[in-house]
Structure formats: structure tokens, C-alpha cells
J.: 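I have a structure I would like to understand better, so I am pasting it below and will then ask my questions one at a time.
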Amino acid sequence: MANLSSLMDSEVLRAYATYATIVLLKMMMMSFATAFYRNTKQVFFNPEDARAAAKGGDPKKLLKTDEDVERVRRCHLNDIENVVPFVAIGLIYTLTNPDLASALLHFRIFTGSRLLHTVAYLLPLPQPSRGLMWIIGYFATISMAVSILRGVLYL
């Protein structure tokens with residue numbers, strides 16, 4: 001394990017911070033994308049949102065689903081399911097003081113796969129493109145977890 005003073009100067013920690021920030025910002029942007037699609041398509045899930053958007057009209061007409069809105073929302077949910085474990089496991093992995101090249105490989109593969117997963121989800125590209133991007137990112141996170149357990153196994 002790395003000590004605190006070496007951690008502050010760690011290139012691995014800086015790399016982790018860079019790639020974790022990229023995927024977290026991308027995940028956060030999906031919230032704005034969902035809101036954008038809901039507002040431009042006038043599709044709302046919550047009655048209070050529909051009332052506010054109806055502007056004197058019938059808010060019940062705005063309480064519906066739309067395939068484009070649902071696609072963006074599902075993409076955002078998929079980000080939450082994958083980015084949160086990456087951030088947690090990636091931080092622990094960083095604390096095990098891995099080789100910079102290995103760490104960069106994991107971080108770049110995960111980040112690239114999530115960006116491409118979003119493109120494949122939103123366009124939409126035919127399967128298995130989205131599934132491949134998901135599994136590649138998932139395996140990058142699993143690989144870091146296995147590396148952690150191999151290095152600091154206390155069972």
C-alpha cells in the first residue's frame with residue numbers, strides 16, 4: 001500500500017483523478033440530456049412537472065413515455081450502475097500502488113468504453129456494439145478488483 005506522502009505525488013492518483021472525473025462528468029451530463037429530451041418532447045413522468053409545463057393546458061396529456069426520453073434515461077441508469085463501482089474500485093486500486101502503465105490501461109479502457117457505450121446507446125448502433133462496450137468496461141473494473149484482492153487478500 002502507498003503511504004500518504006507518496007500518494008500525494010502519485011502519477012497513478014493523478015491519472016485516476018483525471019479519468020474518474022471524465023466519467024463522472026459524462027454521467028452527470030446524462031441528467032441534462034434527460035431533462036433536455038423531456039422538455040423538448042414535452043414528456044413528463046411527474047404530475048407536478050407536467051402541470052408546470054402545461055401552462056394552463058391539460059397536464060395529463062404530458063404524462064406519457066417517449067422512446068427517445070427512455071433511451072437517454074436508460075443510458076444514464078447504465079452509467080450509474082457502472083461508473084460508481086469504477087470510481088470506488090479504481091480508488092482502492094490506486095491505493096495499492098499499481099504500475100502506472102497498468103493503471104492507465106485500466107482507466108483508459110473503462111473511460112473509452114463508457115464514452116463509446118453512450119454513442120452506441122443514443123444513436124442507436126446495432127448490437128452487439130453497445131453490449132461489447134459494456135462488457136469491456138465491466139471487465140476493466142473486474143480486473144482492477146482482482147488485482148486488489150490478489151495484492152491485499154485478507155479473508
Side-chain angles (χ1 to χ4, degrees), residues 1-46 49 53 64-155:
M1 286 279 195
N3 65 36
L4 188 56
S5 64
S6 68
L7 191 59
M8 302 296 266
D9 297 325
S10 170
E11 289 181 324
V12 173
L13 181 60
R14 288 198 309 264
Y16 164 76
T18 299
Y19 290 100
T21 300
I22 290 168
V23 294
L24 285 168
L25 284 172
K26 183 227 149 319
M27 183 177 74
M28 292 168 63
M29 301 252 324
M30 294 307 296
S31 296
F32 287 110
T34 302
F36 173 79
Y37 274 86
R38 283 195 186 281
N39 285 312
T40 57
K41 298 236 178 199
Q42 292 291 290
V43 173
F44 300 96
F45 187 74
N46 297 310
D49 298 334
K64 55 188 175 185
T65 60
D66 177 84
E67 179 56 34
D68 293 334
V69 173
E70 288 304 304
R71 181 167 287 281
V72 173
R73 191 183 64 76
R74 287 190 308 267
C75 186
H76 185 216
L77 288 173
N78 192 278
D79 269 350
I80 293 168
E81 293 168 358
N82 289 274
V83 171
V84 172
F86 167 78
V87 169
I89 290 171
L91 179 59
I92 297 167
Y93 176 73
T94 299
L95 295 174
T96 66
N97 202 20
D99 175 63
L100 177 60
S102 177
L104 281 171
L105 184 64
H106 283 96
F107 302 157
R108 287 174 178 166
I109 286 174
F110 182 83
T111 301
S113 73
R114 291 314 301 170
L115 294 172
L116 291 172
H117 178 271
T118 298
V119 170
Y121 216 131
L122 297 182
L123 284 182
L125 295 178
Q127 282 289 30
S129 58
R130 187 179 80 236
L132 286 172
M133 291 305 102
W134 171 79
I135 199 75
I136 289 169
Y138 196 79
F139 279 139
T141 303
I142 293 294
S143 176
M144 288 188 296
V146 168
S147 179
I148 293 165
L149 292 174
R150 286 179 53 204
V152 295
L153 192 61
Y154 284 107
L155 295 178

J.: Pick out which of Thr94, Leu95, Thr21 makes a side-chain contact (heavy atoms from CB on, under 4.5 Å) with Tyr16.
T.: Thr94
J.: To the nearest 0.5 Å, what is the distance between NE2 (His76) and CZ (Phe32)?
T.: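 The NE2 atom of His76 sits 10.5 Å away from the CZ atom of Phe32.
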J.: Please report the closest heavy-atom contact between Thr34 and Val72, naming both atoms and the distance.
T.: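 Shortest heavy-atom separation between Thr34 and Val72 comes out as OG1-CG1, 3.3 Å.
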J.: Do Arg73 and Thr65 come close enough that some side-chain heavy atom pair is under 4.5 Å?
T.: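 Arg73 vs Thr65: side chains apart.
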J.: Has Arg38 got a side-chain atom pairing as donor or acceptor with Val69's backbone, closer than 3.5 angstrom?
T.: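 Answer holds: no.
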J.: Side-chain atoms of residues 80-87: list all donor-acceptor pairs with protein atoms under 3.5 Å, sequence neighbours left out, distances to 0.1 Å.
T.:
residue : atom : partner : partner atom : Å
Asn82   : OD1  : Trp134  : NE1          : 3.1
Asn82   : ND2  : Asn78   : O            : 2.7
Asn82   : ND2  : Asn78   : OD1          : 3.1

J.: Nearest 0.5 Å please: distance from the OG atom of Ser129 over to the CD atom of Gln127.
T.: 5.5 Å
J.: Please report the shortest heavy-atom distance between Ala103 and Pro98, naming the atom on each side.
T.: CB-CG, 4.1 Å
J.: Between Arg108 and Tyr19, is any side-chain donor less than 3.5 angstrom from a side-chain acceptor?
T.: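 Side-chain D/A pair, Arg108 to Tyr19: present.
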J.: I need the full list of side chain to side chain donor-acceptor pair (under 3.5 Å) pairs touching residues 137-149, with sequence neighbours left out, sorted by first then second residue.
T.: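 As it turns out, the side chain to side chain donor-acceptor pair (under 3.5 Å) pairs with a partner in residues 137-149, which skip direct neighbours, are His106-Ser143.
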J.: Working to the nearest 0.5 angstrom, can you tell me the gap between Phe36 CZ and Lys41 NZ?
T.: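 Here the rounded value is 10.0 Å.
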J.: With rounding to the nearest 0.5 angstrom, report the OG1 to CG distance, Thr40 to Asp66.
T.: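 The CG atom of Asp66 is 8.5 Å from OG1 of Thr40, to the nearest 0.5 Å.
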J.: Please report the closest heavy-atom contact between Ile148 and Ile89, naming both atoms and the distance.
T.: CD1-O, 3.5 Å
J.: Considering all heavy atoms of both residues, which atom of Arg14 and which atom of Asp9 are nearest to each other, and what is their separation?
T.: NH1-O, 3.4 Å
J.: Give me the atom names and distance for the closest heavy-atom approach of Arg130 to Arg71.
T.: NH1-NH1, 4.3 Å
J.: Between Ile136 and Phe110, does the side chain to side chain contact (heavy atoms under 4.5 Å, CB included) criterion hold? Intermediate values first, please.
T.: CA-CA 7 Å; Ile136 289 169; Phe110 182 83; over 6 Å; no
J.: In Å and rounded to the nearest 0.5 Å, what is the CE to CG distance from Met30 to Asp79?
T.: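 If I round to the nearest 0.5 Å, the distance is 6.0 Å.
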J.: Side chain to side chain contact (heavy atoms under 4.5 Å, CB included) between Phe107 and Ile22: does it pass, once the steps are laid out?
T.: CA-CA 10 Å; Phe107 302 157; Ile22 290 168; over 6 Å; no
J.: Taking atom OG of Ser10 and atom CG of Leu100, what is their separation to the nearest 0.5 Å?
T.: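 It is 8.0 Å, given to the nearest 0.5 Å.
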